[in-house]
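Right, one structure below, let's go through it.
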Amino acid sequence: LCEKWETPDGGKTYVFQIRQGIKWHDKAPLNGRALTAEDIRWVLTDGEGFDSKNPKFVKQFNDLTRVYGAKVQATGPSTLTITLKEASADFLTTMANPNVTYPAKEAVEASKSSTNPEGLIGLGLTDSKLAIGTGPFLLKEYTKGVGGTLVRNPNYFLTDQVLKNGNKLPYLDEVQFLFLLDHRTRTAAMLAGQLDESGIYLDDTDVEQLKAAGQFEFDEAPSGFAPWFEFNPEKAPFSDVRVRKALHLATNRQDLVKVSNMKGSTVQAWIASAWAPFGLPIEDVLKRPGYRADKTQDKAEARRLLAEAGQSNLAITIIAQQGGLDVEHATVWQQQLKDIGVTAKVEPIDRAAFLKQQFDGNYEVSSSPQLCAGPDPGDCLFNFVAGEAKARHRWTSPQMENLIQAASRTTDTNERVKVIRQAIELLDENAAAVSLYRAPWYRSWRKGFHNVTAEPQASGLIHWVDHVWKDK
């Protein structure tokens with residue numbers, strides 16, 4: 001959306017120029033009107049209140065106000081000025097995060113009076129007909145839990161940025177999307193000719209089958225993705241750091257890595273070792289209590305801590321999202337915890353129920369799909385910013401909050417590494433959660449589709465569909 005920006009005072013003030021010619025989709029109530037700087041200002045400030053339990057908008061609001069101390073102004077029809085308290089190392093990364101969405105105020109207001117139960121969770125909208133943006137495709141049909149159809153936006157503003165040929169995008173007239181959580185189901189659908197693109201979370205077995213078919217192209221990229229077990233410190237006994245630390249120590253991460261069935265998966269301590277220089281070197285991670293392969297000392301210390309906390313016969317319930325590997329992670333962990341006398345019950349639930357229980361604080365431990373949501377190492381720490389942590393009933397502390405803000409404010413790379421390493425130590429000391437491993441991203445698409453562009457993110461390997469064209 002942004003054509004250019006400048007920082008006239010060396011990094012505290014950012015003046016963004018919104019690209020000319022961008023129009024909202026030609027659907028009521030926007031009817032193709034021009035995008036303005038005020039539209040973006042509203043989402044980043046006033047719009048935060050329309051869906052206070054939505055993590056994306058909670059994130060935007062907290063990042064800009066709590067972390068950055070930002071003042072956001074529309075200083076012209078196409079000019080957005082954001083003034084920070086101090087210069088920031090990760091501010092532009094936050095603004096460019098493709099997970100951030102910008103719904104229109106009129107659509108959100110209209111949505112408040114809608115009774116349509118098929119709304120798009122996560123956009124602050126109750127009516128999917130009001131999912132109106134500025135992108136290359138318009139939402140034509142949507143069925144909750146099943147999928148939908150996108151059709152070409154004739155008024156899209158970009159031309160081909162890959163081939164640089166001036167061709168107006170998008171090339172495809174229609175895109176159908178399906179919600180298929182199980183990667184084996186998606187691989188079978190690819191082989192059966194029912195899907196043209198696989199989505200993420202493929203493993204080595206999926207890739208081998210697709211490569212053997214000889215009909216597909218592939219992308220692979222490292223990720224900051226890390227599944228984790230998340231404690232609710234507001235529920236006893238997880239308010240006791242000794243209990244959290246015991247479960248952290250008892251976790252055999254090497255066995256959990258095998259669940260991924262990806263040769264490139266490695267044990268991770270909060271921030272991926274691949275994110276040098278911020279993440280701990282893998283050889284150092286594998287020597288740390290809880291992360292090392294030899295569990296003899298760790299299990300003995302875990303039993304001691306539980307006994308000291310009066311929890312030698314602890315029983316817990318782990319909620320786990322269905323689809324992906326969360327249930328499998330929880331099931332392996334369930335067996336591991338028996339070695340220290342902990343009885344665990346695994347409760348598989350769908351994503352909507354999972355998120356509701358997290359936001360309501362109605363859980364003890366969760367098996368969650370990712371630690372990081374964005375491309376900057378500091379984004380891993382965002383989970384423990386007070387606003388986000390409290391929204392999901394996670395651990396946080398004033399010391400952690402100070403380190404997160406320092407990691408954002410510090411623009412010198414060496415100093416930022418020191419701050420982030422301090423945060424890693426604090427997370428381990430408090431057993432804020434159980435960070436497991438980093439897995440690579442695999443995606444596949446059918447031969448005959450061209451101009452596929454990919455962007456590796458911590459939370460996914462994104463394929464941009466706007467540039468894709470297909471052989472006839």
Side-chain angles (χ1 to χ4, degrees), residues 1-4 16-37 39-40 43 56 78 80 95-108 119-120 122-125 127-143 146-179 195-200 217 219 375 443-446 448-457 459-472:
L1 303 180
C2 179
E3 186 174 33
K4 60 183 179 180
F16 297 94
Q17 295 300 325
I18 307 306
R19 191 185 301 271
Q20 298 292 305
I22 301 178
K23 295 181 179 181
W24 291 97
H25 294 159
D26 193 7
K27 296 168 64 175
L30 276 299
N31 299 314
R33 74 163 175 81
L35 175 76
T36 67
D39 291 324
I40 298 173
V43 171
K56 290 179 183 175
S78 300
L80 186 78
M95 293 299 291
N97 191 331
N99 291 313
V100 174
T101 50
Y102 292 89
K105 181 179 181 180
E106 296 97 314
V108 172
L120 294 176
L123 289 180
L125 304 172
D127 191 336
S128 59
K129 294 183 178 64
L130 295 169
I132 299 169
T134 60
F137 297 97
L138 292 82
L139 183 62
K140 178 182 177 182
E141 297 170 341
Y142 171 73
T143 302
V146 177
T149 302
L150 304 171
V151 294
R152 185 177 187 274
N153 175 13
N155 300 316
Y156 187 51
F157 56 91
L158 280 183
T159 57
D160 195 318
Q161 304 296 298
V162 177
L163 300 180
K164 308 290 186 183
N165 55 15
N167 286 351
K168 190 173 176 60
L169 298 176
Y171 291 115
L172 298 178
D173 294 316
E174 182 176 288
V175 176
Q176 295 179 348
F177 62 94
L178 299 173
F179 297 128
L195 284 180
D196 297 307
E197 205 275 349
S198 66
I200 55 175
E217 306 282 358
D219 269 334
R443 292 194 82 142
S444 177
W445 67 97
R446 190 173 302 281
F449 285 88
H450 306 279
N451 229 19
V452 176
T453 57
E455 179 178 342
Q457 294 282 325
S459 56
L461 177 61
I462 298 173
H463 274 173
W464 299 110
V465 184
D466 56 354
H467 281 69
V468 174
W469 53 274
K470 180 185 178 183
D471 290 335
K472 289 186 176 180

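Because the structure is a prediction, the values reported are computed rather than measured.
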Query raised in the report: Between Q20 and S78, does any side-chain donor sit less than 3.5 Å from a side-chain acceptor?
Result: yes
Query raised in the report: Donor-acceptor pair, K168 side chain versus Y156 backbone, under 3.5 Å?
Result: yes
Residue list, side-chain hydrogen bond (donor to acceptor under 3.5 Å, both in side chains) with [X], at least two apart or on another chain:
X: E197; result: R443, H463
X: W24; result: D39
X: E3; result: none
X: R19; result: none

Report task. Could you pull out the closest heavy-atom pair between P170 and P136, with the gap in Å? Result -> CG-O, 3.3 Å
Set of residues satisfying side chain to side chain contact (heavy atoms under 4.5 Å, CB included) with respect to [X], sequence neighbours excluded:
X: V162; result: D160, N451, T453, H467
X: E217; result: W445, K447
X: Q17; result: K4, V15, T79

**Report entry** Pairs satisfying salt bridge (Lys or Arg N to Asp or Glu O under 4.0 Å), at least one member in residues 462-472, at least two apart
**Finding:** none
Report summary line: salt bridge (Lys or Arg N to Asp or Glu O under 4.0 Å) filter on D196, not counting sequence neighbours, yields R446
Query - ring-ring contact (aromatic ring centres under 6.0 Å, His included) partners for F449, two or more places apart - result: none
